Number of protein chains: 2
Amino acid sequence: MPSRPGLDRASIVEAAGRLADEAGLDRLTLSGLAGRLGVRTPSLYNHIDGLDGLRRELALSGIQELNRHLQRAAIGKESDKALESMLHAYRVFAHERPGVYEAILRAPNPDSMRMQEASNAILDTVLTVLEPYGLTREDSIHTVRAFRAIGHGFVSLEASGVFVGMDLATDDSFRRLIFVFLRGLKSLNKIELT
Amino acid sequence: MPSRPGLDRASIVEAAGRLADEAGLDRLTLSGLAGRLGVRTPSLYNHIDGLDGLRRELALSGIQELNRHLQRAAIGKESDKALESMLHAYRVFAHERPGVYEAILRAPNPDSMRMQEASNAILDTVLTVLEPYGLTREDSIHTVRAFRAIGHGFVSLEASGVFVGMDLATDDSFRRLIFVFLRGLKSLNKIELT
DNA sequence: TTGACGAACTAAATATATTAGTTTATAGTT
DNA sequence: AACTATAAACTAATATATTTAGTTCGTCAA
């Protein structure tokens, strides 16, 4: 049904993602994006709801992409191995798509329906991996939160340059953090059994 | 020696902090700030280096304030108790000063000299608390990174609304995360002794 | 062929940051 | 007490962005 074979929402969001990755999220402007797409700025309004709307779309597609990465990382692995692999995938995603990752975090109105769904999809992904641990539903959710806090916390501090001063490989720090997390989980289990 | 007893850098940054806390960091504008301070926008340029400069100052003073909170939280406590108390203080700070906390993370050019110093001050604070654990210097730094990743990761996901969907007390999740972290640290120690 | 629809356009309003250059109050000096 | 240097605040103007209103025009379907 589109009259001219020009833009559509998906290609706009994709271009926006590339632009954000290259220049940083707050240098993603509608005029810059329009320029790169070869159209005038107001034309974008036919497909997206302004700058905030674009940011929301970007965040949404970013969450979905992140979820796919996490799922792929867990294929053919179980328990500790799966969690470890997913945390590494989380970090790789944030490194490769810094602008998109930023958009996920700084999403305006993250309480929308679609955003909730996408967020819950990630929750489900991790919950599935946690099944063999035999946790209660409550404990599982606590653990998912811990999982995400660890992945996000490390990656985002790393991105913000907090770690640069101390010359110590961040790879090692991350590996060690994962190790501490998994160990902590185990000892938590033991305690609950007593 | 200021001619008119009007503005100075400190009061500008302070007002900017309040504004950011109320409205969010990206609704902190120079014109809004000038309006609240009862001056014209360009007058701010006598004291700060534009909007980016203001954000840098805000981030810097925020880091210092955060450090003071962490130090206060560790007074009279040691080891696990001190770490736990500091993580709670970290979270409280982020809750009470959301705009300032955001400024810390999104600081433009975080590689400046003053920023490095302020960041290292936090490093020192945590390193001091870690002393009784008898870790190597390397392990200490890994642990500080884990400490910050956990505190920041949880707090920032919480702020971004990721946790809202699942109705489970975030307080409990945080407490549990701290517990897992401290347990993991212990078991790490044991391993290294074998 | 024609008419409806929607995409892209131009034009214009609004908001913001930023620079240049001017005014003026105050502090320190004569 | 008058004077001068200084720095703070000002006005004016420019540039860049977002956003809205209203127009043009290609394409698809009847």
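Here the structure is a predicted model, which means the values were calculated and not measured. A note on names: the letters A, B, ... follow the listed sequences, proteins ahead of strands, and every chain is numbered from 1.
- Using cut-offs of 30° and 60° on the angle between ring planes, the pair His152(A) and Tyr101(A) is tilted.
- Cation-pi geometry between Arg91(B) and Phe154(B) is not satisfied (NZ or CZ under 6.0 Å from the ring centre, within 45° of the ring normal).
- In this structure, His47(A) reaches the dA8(C) phosphate: one of its side-chain N or O atoms is under 4.0 Å from OP1 or OP2.
- Within a 6.0 Å sphere centred on CG of Asp49(B), other residues, nucleotides and ligands contribute 12 heavy atoms or fewer.
- The closest donor-acceptor contact from the side chain of Arg148(A) to the backbone of Val144(A) lies at 3.5 Å or more, if one exists at all.
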A correct 5'-to-3' footprint of nucleotides 16-21 of chain D, with B, S and - meaning base, sugar-phosphate only and no protein heavy atom under 4.0 Å, is -SSBB-

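- The stretch residues 16-24 of chain B has no heavy atom under 4.0 angstrom from DNA chain C at all.
- Nearest heavy atom pair, residue Leu37(B) against residue Ala15(B), reads CD2-CB, 3.9 Å.
- Note that the two end axes of the helix from dT1(C)-dA30(D) to dT30(C)-dA1(D) enclose an angle of 0°, each drawn from 5 base pairs, rounded to 10 degrees.
- Comment: Asp52(B) engages Arg55(B) in a salt bridge, judged by a side-chain N to carboxylate O separation of less than 4.0 angstrom.
- Ring-plane geometry between Phe147(A) and Phe181(A) is classed as tilted, the angle between the planes lying from 30 to 60 degrees on a 0 to 90 degree scale.
- Side-chain contact annotation: His95(B) with Tyr90(B), donor-acceptor N/O pair under 3.5 Å absent.
- Arg36(A) and Glu22(A) are joined by a salt bridge, as a carboxylate oxygen and a charged side-chain nitrogen come within less than 4.0 angstrom of each other.
- If you take CG of Leu44(B) and P of dA9(D), they are 9 Å apart, rounded to a whole angstrom.
- The distance from atom CD1 of Ile48(B) to atom C1' of dA17(C) is 11 Å, rounded to the nearest whole Å.
- OP1 or OP2 of dC9(C) has at least one side-chain nitrogen or oxygen of Ser43(A) nearer than 4.0 Å.
- Between the side chain of Asn46(B) and the base of dA9(D), a donor-acceptor pair under 3.5 Å is found.
- Remark: C1' of dA7(D) and CZ of Arg9(B) are 15 Å apart, rounded to the nearest angstrom.
- By the rule that hydrophobic residues join a cluster once side-chain heavy atoms approach within less than 4.5 Å of another member, Val92(B) and Leu70(B) end up as members of separate clusters.
- Between the C1' atom of dA17(C) and the CG atom of Leu54(B) lies a distance of 12 Å, rounded to the nearest Å.
- Spacing between atom CG of Leu37(A) and atom C1' of dA7(C) amounts to 14 Å, rounded to whole angstrom units.
- For Leu7(B) and dA25(C), the CG to P distance is 16 Å, given to the nearest whole Å.
- Side-chain polar atoms of Thr143(B) and Arg176(A) form a donor-acceptor pair below 3.5 angstrom.
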